[in-house]
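The analysis underlying the following values was restricted to heavy atoms, covering all of them including side chains, and did not include hydrogens, waters or symmetry mates. Quick note on labels: first sequence line is chain A, next is B, and so on, each numbered from 1.
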Amino acid sequence: MSTRVAPTPHGALGLTDDDLLAMFRLVLTARLLDEAALRQNRMGRAPFVVPAEGHEGCQVGTAWAMRRGVDVWLPYYRDGGVVLTAGMTPYEIFLGIFAKADDPSSGGRQMPSHWGHRALGIITGSSPIATQVPHAAGIAYAITYRNEDAVVACWFGDGATSEGDWHEGLNFAGIHRLPVIFVCENNHYAISVPQSKQMAIDDVADRAAGYGFPGVVVDGNDVLACYAAMKEAHERARAGEGPTLIECKTYRFLGHTSDDDDKTYRSRDEVEEARHHDPVHVFGEYLRSQGLLDDIGAEELRASVKGEIDEALAAAWDAADPEPSSALRHVFAEDGPEDGAEGGP
Amino acid sequence: MSTRVAPTPHGALGLTDDDLLAMFRLVLTARLLDEAALRQNRMGRAPFVVPAEGHEGCQVGTAWAMRRGVDVWLPYYRDGGVVLTAGMTPYEIFLGIFAKADDPSSGGRQMPSHWGHRALGIITGSSPIATQVPHAAGIAYAITYRNEDAVVACWFGDGATSEGDWHEGLNFAGIHRLPVIFVCENNHYAISVPQSKQMAIDDVADRAAGYGFPGVVVDGNDVLACYAAMKEAHERARAGEGPTLIECKTYRFLGHTSDDDDKTYRSRDEVEEARHHDPVHVFGEYLRSQGLLDDIGAEELRASVKGEIDEALAAAWDAADPEPSSALRHVFAEDGPEDGAEGGP
Amino acid sequence: MTEKNVVTAIRDALHDEMAGDDRIVLLGEDVGNRGGVFRISAGWMQEFGEQRVIDTPLAESGIVGVAIGMAMHGMLPVAEIQFADFIHPAFDQIVSEAARIRYRSNGAFSCPLVIRAPCGGGIHGALYHSQSIEAFFAHVPGLKVVMPATPADAAGLLRAAIADPDPVLFLEHKKTYRAVTGDVPEERHIVEIGTADVKREGTDLTCVSYGFALHTCLDAAARLLQDEGVSVEVVDVRSLAPLDTETILASVHRTSKAIIVYEDNRTYGAGAEIVATIAEEAMFDLDAPIVRIGGPDVPAMPFATPLEHYFMEPEPDQVYRRMLDLARA
Amino acid sequence: MTEKNVVTAIRDALHDEMAGDDRIVLLGEDVGNRGGVFRISAGWMQEFGEQRVIDTPLAESGIVGVAIGMAMHGMLPVAEIQFADFIHPAFDQIVSEAARIRYRSNGAFSCPLVIRAPCGGGIHGALYHSQSIEAFFAHVPGLKVVMPATPADAAGLLRAAIADPDPVLFLEHKKTYRAVTGDVPEERHIVEIGTADVKREGTDLTCVSYGFALHTCLDAAARLLQDEGVSVEVVDVRSLAPLDTETILASVHRTSKAIIVYEDNRTYGAGAEIVATIAEEAMFDLDAPIVRIGGPDVPAMPFATPLEHYFMEPEPDQVYRRMLDLARA
Ligand SMILES: Cc1ncc(C[n+]2csc(CCOP(=O)(O)OP(=O)(O)O)c2C)c(N)n1
Ligand SMILES: Cc1ncc(C[n+]2csc(CCOP(=O)(O)OP(=O)(O)O)c2C)c(N)n1
Ligand SMILES: [Mg+2]
Ligand SMILES: [Mg+2]
């Protein structure tokens, strides 16, 4: 009987060790960037921040299956890990946090975390929940219409699934078998409203059947499981097999935003228990088990990421504020090259 | 071995022979009323009518399980058979068709078939599709809150299921396990848009699982099957077991309304084939098989119904038109008894 | 020049634009086999294919939302709302999304979208097939709103709307569809959005109107000249947003009297902005108080003929009479 | 009398009404354990029970739609929209349903519903947490729209809204919540919907405003008297629909000059109706053209401090300066 070395799980998914290290760096960057931003908030330098803490695993895991510069991204406000994976830099993110003129999302017009980056294919987003869902379907329609080889992914929370737009967007995508992936980061709360008051079911993914495409549930703390689900959905999309709804069970470790006090609606025990499954930790452990990380490596990596973030933060802080009267610009197209009449990417 | 006479299907459902005859009279009234209304339309006396033809079976079948004067009805514009079962008279319906002052639905303000009848518990409806779905949930919530023994039923077409309001209404009803029944009269078209361009699934009922309650598919041409499904849903609702979504597969024999030309989007073969399963005929055959109807009885019944309709039509035609300047009334509550500040029934 | 009615002018212009640019797609309820409830796109699904003439599910927010996505990805969608009364479920997508995409992205993204919506009453459409919706949308910065009243303007403004790099709400008054005919240039003419048009010259007073009401005004003006020798200048707003205040004010400056006429509910209607603009900019030009005629403040137009007539004209020949009163004031 | 800020006045009034009538329920996002994002209902889920303080799914159309159902079945729902910016998905339910239920049923049904919505900017809320929405809704016959600016009016109008047999949109300017304090009567006082209020008497000119802008106007008026001896009468509209034209016109009649100030985008804003009404009814009383100050016509208020400040005040101390110019005109 021949012995066979079982393939490493990431190897089986086609991920190299370098991929894995890059993914871990992203997860860690998302985490440390959150922490730095929150410190800025407490110092009074950032009036409003939206932490991703707890979601980094499912964000980076799903986003990693997308192709930078090719695919189209519609993240929601909590998706720091997604936009980092799409290619946004910490510097660009801090430009948004400090509402600077060069903020690629909005030039400081929108609240932080209202992402947009034309060059990277990150579609401009807004605050109203779930409005981006039909946009994702429309972009996917345009991709098919124009015979492009691109896939659209659209991220949202459990709360978004209650909106009419969510229903209408998924339904349209299903009818036309569009190349779009819907990713629900189910952290079981819409601000304070628990899942039980949002829906009478356990799994959002069950709704996919009502739109004629598959729904998948994954452990959002398992980066590779998220990647695997997304990779399969991505292949389905490119093969013309239509949309997939992926539900990542996750948890938000901090308040909804820097304005929220989650102690009013969640017990500390519940939060503590969730932290035991911290995706950053779980993923780090996996890397260690694969011999890709040790204490020294982890420390070095952390220091390197921290350094990158601190530098980005300082540079962004020093960047220019928008001109007051520029508030009047870009209501309609202006003459000149900066306003593209052609739409997005 | 003792012989047992198998219970008649209607007997097994708790329906007496008299019930069955009454139901048949309703089905026939709906059909003949439609025909009379369409004749008025062609004569130029009724600018707009909405035929139910083809839907009468599922309308009367489902509505029969409701309790007149107790339960709450939210029909849609095609539901002539429902409102007849709820207790509206042909005279009242013709008052609406001729837009007369005494039209109980709206005093001639709304198009015909925009039902409302406060005394009968038929909630005022509108044209925008699916807006009544959250209303049904809200009324069911109020019923529970006020500890009333009433059930709400809400009818709509396949088209309605695409609207955001439909999703939001069903979701709310599921969360609170409300005493409400959602009835989809799936005739496979929203005006001209075929089901395949409305949804990527065969059965609307499949969506119920996404809201945490049962979905049931029935043959809309089988009056008793519709009744049976509705009866069970009604019992569930009264027992506090929550909503049910019932999908009746049906077909619309005529144009969408008197303004529509369905030849632009449906083959005559398709319509002819559907007519072979005409619920009025199928139900009549059942009555015959049960010895409840013969040729003479059928003729007598038809003559009696026709007489009733002709009389109602003539009386409604002679009724008074609304006063022109009464168009300004009832924007807000007026002093006096006719405006109930308490809301509906 | 060819004489056409409004619905034909819209059909022909839209058809030509679609034939000339395959980034343009039409989406909405029943636009396919049915050709739309007003038959504008009859036969187009066969001609342009199902990918370009898209029968959508019954979901207005989805229609506009999907169209926004298309517009952000290189297409030029024309979304049809079957009746303007049913645009309200899409209010959020229009106000919060389409109108803000350029602004919120600091100019990085744009949304070249046209939304067509047949509006207005007097056609026995009752409460939910008669509504005027321009006041809701003219107030939304980032959105353009036009409402042609003649075949030539309908064609020219529709072309301008499709060419516009920003979202345009294109309102079609149903009562003009077949009732109003006129010459339409053969060539691909464009009517610039943001321009009003003097549809009839006059010296005694200025009447500002748009949509079907414009024709009521033109008719009254013609009769007034004949009957009473009163010369009324009639300005067609035609572009509610941006509003061409210059043309309106120039006319009022000439005539020194102004009457504003619109079908929509009077209070907080679009006419209020026109009256306000004249009051602010031309008060000392005026020889008499500005007169405003709007529809009654009831939720919508009722169905019964006597009620509908009352809505359209609470006093018989009111536009004519109020113009005459103003001329004599 | 007790001194309170606006948010406390709203909380206390709503609490007392709920305690006194169990037909009243509160529904909305996060109104339960979280007590609402402004903490108005903190502790109420425990006090009144989960059946009366209902945490809803994130679905505004559903919130309003469900509340309409409740209102038609014997309850008195108070629906909370977390931020006015998010009311747009419910536009159809409000415009096509709530506002028309009585009219379309010829008076047989009614919809005694209150919708509360925190609105307005200047609080670093950016594009989607700063919006003024009154112009959209004041135009809807069948709907009442109020916007108190003081604690006493907030309490009194909220009571009136709950008691009203028709749907009322109750707008709460977020910047008044904690910044504005004032005396509130102990007893259950009602402020009648449809009444404006002279918040400051004066003789040289009339300033008409509402919401947070009213306080900018009151502040400017106080300084103008002190600095320049100019006496400004300040009228608080407080009820946008119905609009109390009588009180406004009476004041303009006394002072012969009018300035209208509002935060919302200027063009087609609610102020246009007020200007138009004055122009139509009081033109010959006026000694100077009416002045209107509204927000810039950009889609919404930006986030960055310099941009937000620019929106709120494109020219420094503009209300003061325009009042002074008008007084001297
Ligand atoms: C249409 C709309 N309604 C309400 C809000 C206020 N709001 C912002 S985030 C949020 C909860 C979203 O929850 P979920 O979708 O689960 O995402 P999570 O924050 O949990 O990641 C709410 C109610 C909004 N932004 N948009
Ligand atoms: C919100 C809205 N959009 C569009 C319409 C126009 N319209 C009226 S009925 C209808 C089709 C409805 O189809 P379905 O729900 O299947 O009912 P059916 O007529 O087939 O019985 C449409 C599109 C409307 N009334 N409301
Ligand atoms: Mg959540
Ligand atoms: Mg149908």
- [ ] Please list all pairs passing the salt bridge (Lys or Arg N to Asp or Glu O under 4.0 Å) test where one or both residues lie in residues 259-268 of chain C, with sequence neighbours left out.
- [x] Arg266(C)-Glu280(D)
Task: Residue Ala99(D) versus chain C: region with a heavy atom under 4.5 Å - done: backbone
Open item on the list: For residues 117-132 of chain C, give me every residue with a non-hydrogen atom less than 4.5 Å from any non-hydrogen atom of chain D.
Closed with: Leu127(C), Tyr128(C), Gln131(C)
Task: Atom group of Ile87(D) that falls short of 4.5 Å from chain C, counting heavy atoms - done: neither
Open item on the list: Under 4.5 Å from any heavy atom of chain C, what part of Thr267(D) do you find: side chain, backbone, both or neither?
Closed with: both
Open item on the list: For the backbone of Phe91(D) and the side chain of His88(C), can you confirm whether one donor and one acceptor N or O come within less than 3.5 Å of each other?
Closed with: no
Open item on the list: Would the distance check show the side chain of Tyr268(C) and the main-chain N or O of Ala241(D) forming a donor-acceptor pair, the cut-off being under 3.5 Å?
Closed with: no
Open item on the list: Counting only non-hydrogen atoms closer than 4.5 Å, can you tell me which residues of residues 287-297 of chain C sit against chain D?
Closed with: Asp287(C), Ala288(C), Pro289(C), Ile290(C), Arg292(C), Asp297(C)
TODO: Please state whether the side chain, the backbone, both or neither of Phe303(D) comes within less than 4.5 Å of a heavy atom of chain C.
DONE: neither
Task: Any pair counted as salt bridge (Lys or Arg N to Asp or Glu O under 4.0 Å), so long as it reaches residues 86-97 of chain C, sequence neighbours left out - done: Glu97(C)-Arg104(C)
Task: Val298(D) versus chain C, the contacting section by heavy-atom distance below 4.5 Å - done: both
Task: Non-hydrogen side-chain atoms of Tyr103(C) and Pro302(D) separated by less than 4.5 Å - done: yes
